[in-house]
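Here the structure comes first, spelled out in structure tokens, and everything after it is commentary.
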Amino acid sequence: MRIASWNVNSIRARIENVTSWLRLAQPDVLLLQEIKCQTDDFPRFEFEALGYHCAVSGQKSYNGVALLSRLPPTETLTALPGAEPEPLQARYLEATIGDFRIATAYIPNGNPLGTDKYEYKKAWLKRLKAHCQTLLAQEIPFIIGGDFNVIPESRDVYDPQGWANDALFAPPTLALWHELLNLGLTEAFRALNPTASEAYTFWDYQAGSWPRNQGLRIDHFLLSPEAADRLTACTIDRTPRGQEKASDHTPILLSCD
DNA sequence: ATGGTTGTTGGACAA
């Protein structure tokens, strides 16, 4: 099975980019983040025409996630369990596909530090950890893909010092990231590409970040131990980032038996 | 260099 994840920064603005990439890459599952539309406005017909079922958790203007799958997803969960402050933000969707639970996640950006936004990010990561603990206790193999808004290491950012006080790389963020990994989860790209550097998944629209290759590696897959045992490859496809009307993120792809 | 860009939306906010 091949599973991809892509923060598309508006699915309606990006429909041509995403459908053309799907025709080429042919993943079995595509996890989307930042669809920026309400559930009923998701362009599901375009994806159904390509042979994908759609599961969507959208909202007006911001956020929103979706899961496209050749096999029909079942037992769909449209929010991360646990108490959340109002207004609710559409950042998580999970479903059963084959013998995996597969989730699409859009972790809050959290900037700037010292604000309610950063507290919300930390609380969200703690809630994700609690949910992972539940799945692990039930021995359900799972794969969570998405825009984590976390830079795991210095080699995953073009200017580590410049990002030291950013919510994507600040020590409390990395501490929560490590708490997730310490549950026994595998971060697929780093596990299979232990020496890779400049393996970015995001380049800002501003300041010529893309042509200068000033990027961040913030889109990830986390796998439970049973899922990690079946992991065979994890790659980043830079091609879509260089195309017309590109998202500021590019897809990450995972293969497992 | 306190800038720069994109999307939603129709001014400001998020990233």
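Model, not experiment: these values are computed from the prediction. All chains are named by letter (A, B, ...) in the order of the sequence lines, taking the proteins before the strands, and each is independently numbered beginning at 1.
- As rounded to whole Å, 14 Å separates atom C1' of dT6(B) from atom CD of E244(A).
- Distance CG (N9(A)) to C1' (dG7(B)): 6 Å, rounded to an integer number of Å.
- The nearest whole Å value for the distance from the CG atom in N17(A) to the P atom in dT6(B) is 13 Å.
- If you check every strand for non-hydrogen atoms under 4.0 Å, F202(A) touches nothing.
- Where A207(A) and K245(A) each meet DNA chain B at their nearest nucleotide, the meeting point lying more 5' is that of A207(A).
- For the atom pair H249(A) NE2 and R241(A) CZ, the distance stands at 9.5 Å (nearest 0.5 Å).
- Distance Q206(A) CD to dT2(B) C1': 12 Å, rounded to the nearest Å.
- Listed for the R2(A) side chain is a donor-acceptor partner under 3.5 Å among the backbone atoms of Q26(A).
- Other cluster members for Y205(A): none, since no ILVMFWY side-chain heavy atom sits under 4.5 Å from it.
- Regarding N111(A), its CG atom lies at a distance of 20 Å from the P atom of dT2(B), rounded to whole Å.
- Of the side-chain N and O atoms in K117(A), one or more sit less than 4.0 angstrom from OP1 or OP2 of dA14(B).
- Counting non-hydrogen atoms of neighbouring residues, nucleotides and ligands closer than 6.0 angstrom, the CD atom of E16(A) reaches no more than 12 such neighbours.
- Side-chain proximity of S61(A) to dA14(B), dT6(B), dT8(B): nearest is dT8(B).
- Both N149(A) and K60(A) sit near DNA chain B, but only K60(A) has its closest nucleotide nearer the 5' end.
- Between Q33(A) atom CD and dA14(B) atom C1' there is a gap of 16 Å when expressed in whole angstrom units.
- Separating the OG1 atom in T104(A) from the CG atom in D147(A) is a distance of 9.5 Å, to the nearest 0.5 Å.
- For dT6(B), neither phosphate oxygen OP1 nor OP2 lies less than 4.0 angstrom from any side-chain nitrogen or oxygen of R14(A).
- With both ends at atom P, the span from dA12(B) to dA1(B) equals 29 Å, rounded to whole Å.
- The same atom, P, is picked in dC13(B) and in dT2(B); the two are 22 Å apart, to the nearest Å.
- The P atoms of dA14(B) and dG10(B) are separated by 15 Å, rounded to the nearest whole Å.
- Counting to the nearest Å, the C1' atom of dG3(B) and the CZ atom of R212(A) are 12 Å from each other.
- At a threshold of 4.0 angstrom between heavy atoms, the contacts of R91(A) are confined to the sugar-phosphate backbone, with no base atom among them.
- Distance Q59(A) CD to dC13(B) P: 17 Å, rounded to the nearest Å.
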